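Just so you know, these numbers come straight off a predicted model, no measurement behind them.
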Amino acid sequence: MCPLSECMQLIGGTWTPNIIWYLAGGARRFSELRADIPGVSAKMLSSRLKQMEDNGLVRRTVVETHPPTVEYELTDLGAELLPAIEAIVAVGRKLKGEDEKYQVDEETQLV
């Protein structure tokens with residue numbers, strides 16, 4: 001498999017880039033991630049976090065509180081994907097018109 005396909009297999013899943021983005025700031029609890037990512041169901045978030053853990057992108061830690069809580073954080077491999085996610089966010093901001101150098105015309109062509 002080529003390197004691009006290998007990387008896209010890791011980040012191409014629905015909600016995966018969002019999870020990486022929000023974990024960039026540090027460890028988050030499941031409920032915090034649900035609040036960060038409107039529209040994701042608990043079942044999908046749980047499934048995606050499990051897959052990301054299996055792929056070595058996310059570390060799951062049980063915190064000994066009463067009751068116990070679970071936190072998720074990026075592994076070193078997950079953190080290596082941040083520049084790619086940041087580049088995607090930068091393009092998204094340009095497309096939304098948040099960057100004055102780029103505007104999208106009515107036919108959605110960059111001008």
Are the side chains of [X] and [Y] in touch, meaning some heavy atoms are under 4.5 Å apart?
{"X": "T16", "Y": "M52", "result": "yes"}
{"X": "V70", "Y": "T61", "result": "no"}
{"X": "I19", "Y": "I37", "result": "yes"}
{"X": "W21", "Y": "E86", "result": "yes"}
{"X": "L81", "Y": "P17", "result": "no"}
{"X": "E53", "Y": "L49", "result": "no"}
{"X": "Y72", "Y": "R59", "result": "no"}

What is the distance from atom [atom1] of [X] to atom [atom2] of [Y], rounded to the nearest 0.5 Å?
{"X": "T75", "Y": "N55", "atom1": "OG1", "atom2": "CG", "answer": "10.0 Å"}
{"X": "T69", "Y": "E32", "atom1": "OG1", "atom2": "CD", "answer": "9.0 Å"}
{"X": "W15", "Y": "Q51", "atom1": "CH2", "atom2": "CD", "answer": "15.0 Å"}
{"X": "C2", "Y": "M8", "atom1": "SG", "atom2": "CE", "answer": "10.5 Å"}

Where is the tightest heavy-atom contact between [X] and [Y], given as atom of each residue plus distance?
{"X": "G78", "Y": "I20", "answer": "O-CG2, 4.2 Å"}
{"X": "E71", "Y": "A27", "answer": "OE1-CB, 3.8 Å"}
{"X": "L77", "Y": "G56", "answer": "CB-O, 3.7 Å"}
{"X": "R34", "Y": "L45", "answer": "CG-CD2, 3.6 Å"}
{"X": "P38", "Y": "D36", "answer": "CD-O, 3.1 Å"}
{"X": "R48", "Y": "T14", "answer": "NE-O, 2.7 Å"}

Test side-chain contact (heavy atoms from CB on, under 4.5 Å) on R29 and L33; report intermediate values, then the result. CA-CA 6 Å; R29 294 189 325 260; L33 286 170; over 6 Å; no
Find out if a path of hydrophobic residues (ILVMFWY) with successive side-chain heavy-atom gaps under 4.5 Å connects I88 to V40.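 No, it is not one cluster - the side chains of I88 and V40 are not joined through contacts under 4.5 Å.
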Spell out, yes or no, whether V62 and L23 are grouped together once hydrophobic residues are joined by side-chain heavy atoms under 4.5 Å, including indirect joins.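 Cluster IDs for V62 and L23 match.
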inquiry  = Can you confirm whether D76 is buried at CG, in the sense that more than 12 heavy atoms of other residues, nucleotides or ligands lie under 6.0 Å from that atom?
reply    =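 No - once you tally the heavy atoms of other residues, nucleotides and ligands closer than 6.0 Å, there are 12 at most.
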Without swapping roles, check the side chain of Q9 against the backbone of E6 for a donor-acceptor pair under 3.5 Å.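 Judged by distance alone, no pair lies under 3.5 Å.
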